[in-house]
There are 2 protein chains.
Amino acid sequence: MSPKERRSKIMESLATEGRVDIIQLSVVLNVTPMTIRRDFDVLEKQNKLIRTHGGAVPSQALIHEKTFELKSNISVQEKKMIAKHAVSFVSDGMTVLIDSGTTTLEIARLLKTHEQITVITNDIKIAAELMGSKLEVIILGGRLQTETGTLYGSLTENILKSIHVDLFFLGANAIHSSFGITTPTIDKSSLKREMIRTATETILVADSTKFNQKAFSKVCDLEDVSTIITDQQLSEELMEKYSELAEIIIAE
Amino acid sequence: MSPKERRSKIMESLATEGRVDIIQLSVVLNVTPMTIRRDFDVLEKQNKLIRTHGGAVPSQALIHEKTFELKSNISVQEKKMIAKHAVSFVSDGMTVLIDSGTTTLEIARLLKTHEQITVITNDIKIAAELMGSKLEVIILGGRLQTETGTLYGSLTENILKSIHVDLFFLGANAIHSSFGITTPTIDKSSLKREMIRTATETILVADSTKFNQKAFSKVCDLEDVSTIITDQQLSEELMEKYSELAEIIIAE
DNA sequence: CATTAATATGTTCTATATAAACATTATTAT
DNA sequence: ATAATAATGTTTATATAGAACATATTAATG
């Protein structure tokens with residue numbers, strides 16, 4: 001039996017029994033108590049259970065897995081796909097900066113079960129999503145845009161100047177082959193620019209509807225991001241056009 | 001302190017901190033670990049907590065009952081009363097810093113309808129409450145305590161050093177005539193101290209159950225706050241005792 | 001297919017927490 | 001005041017957790 005299988009069986013027991021005993025599990029699953037302990041360690045880090053003395057109980061996070069709806073033009077499914085590819089760039093020990101947005105929110109959801117990752121964000125909805133997780137979460141301070149939950153302004157930018165991250169997931173309103181990446185307000189573009197500056201690597205996550213669009217204020221050129229992740233709705237024509245400017249990954 | 005009181009304090013810690021440690025509790029509550037264990041036994045049988053190795057976490061049942069913390073000691077009504085008196089200190093154009101906490105959350109709720117006020121906070125639940133308002137809201141950055149939604153740490157304190165506010169609403173876990181104001185963790189007390197420092201005036205808001213209590217780490221002396229607002233449950237005896245140390249307002 | 005690297009599991013040992021039994025101290029009732 | 005009861009402290013034995021190391025299994029590579 002694979003570790004994955006065994007852990008799945010542990011979770012099953014946990015769900016049906018309400019609590020499990022290390023010794024009992026070790027007998028049933030034919031492994032030593034130590035192995036069960038190590039399984040508990042793994043599952044606890046994923047917030048799936050709470051270890052007790054001699055056993056474990058289900059975690060509260062597991063009880064109410066509520067996924068509240070997002071409003072968006074593109075299906076959630078596509079954003080989830082993009083997010084799934086995005087998180088494959090993240091590995092243990094990394095410091096990851098996550099921009100505000102709906103696609104980036106999906107990234108945060110997927111990262112929630114990871115371990116050993118520091119997440120930094122300027123979006124309090126992302127922060128809310130990460131409540132209850134075992135991640136190290138840093139919120140950038142700043143002015144709150146009360147309609148969207150985004151933090152921005154000079155305070156936010158100043159804080160960014162004092163930190164550095166390995167990876168930045170950039171969200172975008174508009175992407176254009178010659179105009180580059182643009183946003184509706186100068187504040188936001190200035191902030192995103194600062195975020196790019198402070199990151200070793202920037203990955204742009206944007207669904208296909210954002211391509212060939214331009215907004216008011218320029219963030220950066222396409223050359224400034226290392227990778228673009230988008231969905232399979234991107235036309236062949238656009239795909240070729242943008243491939244010359246940046247590495248494009250189609251999430252499917 | 002009676003066993004009932006002590007158990008109530010354990011539950012309070014559990015609600016605010018998310019998890020408690022037997023040794024730390026035994027130090028704070030001045031009893032042996034064995035006594036805490038016996039308290040855990042009692043509380044576990046009442047389904048109020050789950051024992052872990054070396055400590056305890058709140059039971060699932062309690063997590064979902066948001067009312068638990070409020071219902072256990074003092075009614076929401078009393079916190080609302082305190083908040084109502086608190087906001088009378090706020091006038092247009094002011095910059096107000098709001099500490100994390102349930103009473104301070106009520107203050108934020110009342111301020112929501114104001115317009116010409118700048119609110120600064122380290123609590124993302126307060127931030128969430130102020131979403132959609134016309135207020136100028138500033139979130140202090142920092143490390144997120146994912147169980148409670150509180151921001152803290154050196155980053156938070158550094159940001160505080162670069163700003164200044166007119167008024168600070170301080171929340172407290174424990175108030176004692178000789179020990180002053182204390183909190184369960186050093187991180188929190190350090191942050192609160194910095195908040196006090198950066199404010200022209202500090203008002204302590206705390207329901208009557210917080211009086212004559214001590215927690216682990218000292219924030220400041222009672223002389224360091226200009227006013228204390230509490231509820232009418234405060235006994236005559238305590239009222240007189242604390243009146244000598246600070247101006248006390250009974251919200252009724 | 002053999003060999004290496006990586007992962008998973010088992011074993012042993014030590015530190016720590018738990019739990020039981022008993023002793024002591026507070027509370028309460030009579 | 002005294003006895004009875006409850007609460008807490010103390011000591012000791014047992015069990016668990018966790019670290020460190022050894023072994024086995026699986027995956028990856030040439």
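All chains are named by letter (A, B, ...) in the order of the sequence lines, taking the proteins before the strands, and each is independently numbered beginning at 1.
- Heavy-atom neighbours of B:Arg143 CZ from other residues, nucleotides or ligands within 6.0 Å: at or below the threshold of 12.
- Contacts between chain B and DNA chain C, taken as any atom within less than 4.0 angstrom of a protein heavy atom, begin and end at C:dA17 to C:dA20.
- The structure places OG1 of A:Thr52 at 8.5 Å from CG of A:Asp21, a figure rounded to the nearest 0.5 Å.
- Between the two ends of the helix from C:dC1-D:dG30 to C:dT30-D:dA1, each summarised by a five-pair axis, the helix axis turns through 30° (rounded to 10 degrees).
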Subject >> Footprint string (nucleotides 7-19 of chain D, 5' to 3'): B base within contact, S backbone only, - free, heavy atoms under 4.0 Å >> reply: SBBB-----SBBB
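- Put simply, the side chain of B:Arg37 does not reach to within 4.5 Å of the side chain of B:Thr32, judged on heavy atoms.
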Could you list the donor-acceptor pairs under 3.5 angstrom formed by side chains in residues 179-188 of chain B, with sequence neighbours left out?
residue: B:Thr182; atom: OG1; partner: B:Ala215; partner atom: N; Å: 2.7
residue: B:Thr183; atom: OG1; partner: B:Thr185; partner atom: O; Å: 3.1
residue: B:Thr183; atom: OG1; partner: B:Ser189; partner atom: N; Å: 3.4
residue: B:Thr185; atom: OG1; partner: B:Lys188; partner atom: N; Å: 3.3
residue: B:Lys188; atom: NZ; partner: B:Gln145; partner atom: OE1; Å: 3.2

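- Rounding to the nearest 0.5 Å gives a distance of 9.0 Å between NZ of A:Lys112 and OG1 of B:Thr146.
- Ring geometry for A:Phe211 against A:Tyr242 counts as perpendicular: the plane angle is over 60°, on a 0 to 90° scale with 30° as the lower cut.
- Rounded to the nearest 0.5 angstrom, B:Ile22 CD1 and B:Ile36 CD1 are separated by 7.5 Å.
- The side-chain hydrogen bond (donor to acceptor under 3.5 Å, both in side chains) search around B:Arg19 returns none, not counting sequence neighbours.
- The side chain to side chain contact (heavy atoms under 4.5 Å, CB included) test with A:Ser100 singles out one residue from A:Leu105, A:Ile124, A:Thr121, A:Asn122, and that residue is A:Asn122.
- Residues meeting the salt bridge (charged side-chain N to carboxylate O under 4.0 Å, His left out) test with B:Asp224, sequence neighbours left out: none.
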